[in-house]
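Just so we're on the same page: letters track the sequence lines, and every chain starts at 1.
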Amino acid sequence: MTVRVRYAPSPTGDPHVGNIRSALFNWLYARHTGGTFIVRIEDTDQARLVPGSVETILDALRWLGLDWDEGPGSQTPHGPYVQSERLDIYKEHAARLIIEGKAYECYCTPARLDAVRKARQQARQPTGYDRRCRELEGARQAREENPSAKPVVRFKMPEEGNITVNDFVRGEVTFDAALLDDFVLLKSDGYPTYHLANVVDDHLMEITHVMRAEEWLPSAPRHRLLYEAFGYEMPRLIHLPLILGPDRSKLSKRHGAASVLEFREMGYLPDALVNFLALLGWSLDESSEVFSKDDLVKHFTPERILANPAVFNIEKLDWFNGLYIRDMDDAVLADALVPWLEDPEHGLPANALPVNREYLASIVPLERERLKRLSEAPEMLSFFFEERLHYDPALLVPKGLDADGARDALEAALATADGTDDWSVAELEASYRALAERLEVKTGQLFGAVRVAVTGRTAAPPLFDTLAVLGKERCVARLRTALTAL
RNA sequence: GCCCCUAUAGUCUAGCGGCCUAGGACGCCACCCUUUCAAGGUGGAGACCGCGGGUUCGAAUCCCGCUGGGGGCACCA
């Protein structure tokens, strides 16, 4: 049996990381087994549709490198892969169940449903539909109360007994049928609910394993009965633990970034995000945690999926991201940085653009291990590009020196710079070390003052590498400016 | 309110009856490297394995209860 798995998002907004983690696990399992990864769009809620979100979701998958074998637009016997294009299929299925006496039309109004629910909760009973329309008399009554309404189709659940589902990570889970109500299959607008569409499509698309978030576990018994009603074989169920925010509730927008697109905008690398997400609810052994996508494909098995929810820890993501940045080739990193540096809103000042690629290539080796996110680049590299630096005069005076001492040091540094023709790291370091000795100041004091003069900041890459990259002209000019600021 | 899942350090996790004086990682602290900041190296603090009962010669590991956490209970997915 070849594995067929699917990612089935509904286009109601940006792709959420929890959601994308499901996509990732499905993709990994498909690639690990040589199976098929399918993307199916579940757009059965007309009210919540967000235009453009299908493309946004597909974009997120592409960005993360999760390619699909079948999906929207694919011409295969299993398609189409957008549920709104499959309405007839669901209607036929619902009709079939009605004919077979396994489902019925319900005319109850939302107001009544609401009232029933409230009354039940007050009576400490499980909430749920009271099955009035399941009986002829009840249906007739409901119809009289609500003559113009279009009915929904409800599934007849057994009134007693146990329903057991087998979850791959949790084992057998048993539910009391008496507590499960007759859920809606087809809405009054003719669209199917998730339950109907999902079961029908998973069968028709020959899905072998349903890997989805744990929030679906309570629906599993309904699905099981639906499969049985249709006479369909049920796929293997694998429920993934939820991803939680720092407050331990389901990760959402109010926890800050929750959309994959936001992580892209924050300067995270797709492979870092994939690596991080893979470890939320899955692990290989006691020590491995840096995994390329190929590694993950190679090692991923559902047997190692955890059952307990995981808190999304952005500090660890930052660490992964730094790791992946440090692992990039210089040229690749430089290319990756350009869009960030040239961003009209958050990038370098306009007069520094377009970025001189050759110059950037010389800068990258100095900054790569200092970057945690690509978005930090404009701020972190700005002093390489700015025409004039803005000094905090206090910073120009190193610890242990007074303003006069700093002035003397900088003047000497300027003279040294001016007199240096071989503008190389080795030469610069040699002459400045000699200068510190001559001035009888600590190297740290001299270097610190020069660093601030040349970069405008106290934290920067190693001084002589920085001087070399900046070039003699810039350095000399900046030392002069710094002296006037002092 | 009803149902289900779950429980190892702040966080992600290893552990599937003796190898555990509980291992790895992030974060935190210290030291080393060092011209600053990083990166890197070394070391450290941090978990009475949620609590209470069992089972067993022996339990983080199996069972039960409690408690905590989470999820679900829509003509949303």
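- Separating the CD atom of A:E286 from the P atom of B:C19 is a distance of 16 Å, rounded to the nearest angstrom.
- The nucleotide B:C2 finds its pairing partner in B:G72, both defining distances of the Watson-Crick or G-U wobble pair being shorter than 3.5 Å.
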Only distances under 3.5 Å count here; give the side-chain donor-acceptor pairs of residues 267-280 of chain A to other protein atoms, sequence neighbours excluded, each with its distance to 0.1 Å.
unit_1	atom_1	unit_2	atom_2	d
A:Y268	OH	A:D318	OD1	2.6
A:D271	OD1	A:K293	NZ	3.1
A:N275	OD1	A:F291	N	2.8
A:N275	OD1	A:Y324	OH	2.5
A:N275	ND2	A:E289	O	2.9

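- When the C1' atom is used for both B:C19 and B:C5, the distance is 32 Å, rounded to whole Å.
- Rounded to an integer number of Å, the gap from A:R120 CZ to B:C2 C1' is 11 Å.
- Rounded to a whole angstrom, the distance from the P atom of B:A30 to that of B:A39 is 15 Å.
- Shown here, B:A22 forms no base pair; nothing in the strands shown gives a Watson-Crick or G-U wobble contact with both key distances under 3.5 Å.
- No contact: A:G322 has no heavy atom under 4.0 Å from any strand.
- One atom, CD of A:E315, and another, C1' of B:C26, lie 8 Å apart when rounded to the nearest Å.
- Under the Watson-Crick or G-U wobble criterion, with both distances below 3.5 Å, B:C28 is paired with B:G44.
- Looking only at distances, a side-chain donor or acceptor of A:H16 sits under 3.5 Å from a matching main-chain atom of A:L251.
- Taking atom CZ on A:R212 and atom C1' on B:C5, their separation rounds to 14 Å, with Å as the unit.
- In a base pair of the Watson-Crick type (N1 to N3 plus N6-O4 or O6-N4) or a G-U wobble (N1-O2 and O6-N3), with each distance short of 3.5 Å, B:C51 is matched with B:G65.
- To the nearest angstrom, P of B:A25 lies 12 Å from CG of A:D285.
- Nucleotides B:G23 and B:A14, compared at atom C1', are 6 Å apart to the nearest Å.
- In this structure, A:E376 contributes its side chain and A:R373 its backbone to a donor-acceptor pair below 3.5 Å.
- Note: CZ (A:F276) to C1' (B:G27) measures 13 Å, nearest angstrom.
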Which letters describe nucleotides 69-77 of chain B, given B = protein heavy atom under 4.0 Å from base, S = only from sugar-phosphate, - = neither?
-> SSSSBSBBB
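- Atom CG of residue A:D295 and atom CG of residue A:L284 lie 9.5 Å apart, to the nearest 0.5 angstrom.
- Under the 3.5 Å distance criterion, with hydrogens and angles disregarded, a donor-acceptor pair is assigned to the side chains of A:Y90 and A:D201.
- Taking atom C1' in both B:A7 and B:C66, the straight-line distance is 13 Å, to the nearest Å.
- With both ends at atom C1', the span from B:G46 to B:U11 equals 12 Å, rounded to whole Å.
- Aromatic ring centroids of A:H255 and A:F312 lie 6.0 Å or more apart.
- A donor-acceptor pair is defined here as one N or O able to donate and one able to accept, closer than 3.5 Å; no such pair exists between the side chain of A:R131 and the backbone of A:D181.
- In this structure, the salt bridge (charged side-chain N to carboxylate O under 4.0 Å, His left out) partners of A:R368, at least two apart in sequence or on a different chain, are A:D330.
- With hydrogens and angles disregarded, no donor-acceptor distance shorter than 3.5 Å links the side chain of A:D329 to the backbone of A:V332.
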What's touching nucleotides 48-50 of chain B from the protein side, N or O pairs under 3.5 Å?
none

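- Comparing the same atom, P, in B:C3 and in B:A59 gives a spacing of 34 Å after rounding to whole Å.
- Nucleotides B:A45 and B:A25 are separated by 15 Å at their P atoms, to the nearest Å.
- The interatomic distance linking A:K316 (NZ) with B:U13 (P) rounds to 9 Å, in whole Å.
- Side-chain atoms of A:H93 come within 3.5 Å of backbone atoms of A:I89 as a donor-acceptor pair (strictly under, hydrogens ignored).
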Determine all donor-acceptor pairs shorter than 3.5 Å in which one atom belongs to a side chain in residues 116-123 of chain A; sequence neighbours excluded.
unit_1	atom_1	unit_2	atom_2	d
A:R117	NH2	A:D114	OD1	3.2
A:K118	NZ	A:D114	OD2	3.2

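- Here the P atom of nucleotide B:G27 and the CD atom of A:E289 are 10 Å apart, to the nearest Å.
- Ring geometry for A:H195 versus A:F183: interplanar angle over 60°, hence perpendicular rather than tilted (30 to 60°).
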In B/S/- notation, 5' to 3', how is nucleotides 30-40 of chain B contacted by protein heavy atoms closer than 4.0 Å?
-> -----BBBBSS
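- Look at A:E145 and A:R112 and you find no salt bridge, because none of the NZ, NE, NH1 or NH2 atoms lies under 4.0 Å from a carboxylate O.
- For the P atom pair drawn from B:C4 and B:C64, the interatomic distance equals 13 Å after rounding to whole Å.
- Residue contacts for A:T174: at a heavy-atom cut-off of 4.0 Å it reaches the sugar-phosphate backbone alone, with no base atom in range.
- Across the interface with RNA chain B, nearest-nucleotide mapping of A:R124 and A:L317 shows A:R124 to be the residue nearer the 5′ end.
- With a cut-off of 3.5 Å on both Watson-Crick or G-U wobble distances, the partner of B:U56 is given as none.
- Nucleic acid contact class of A:R304 (heavy atoms, under 4.0 Å, all strands): sugar-phosphate only.
- Judged purely by atom type and a 3.5 angstrom limit, A:T56 has no side-chain atom pairing as donor or acceptor with the backbone of A:D14.
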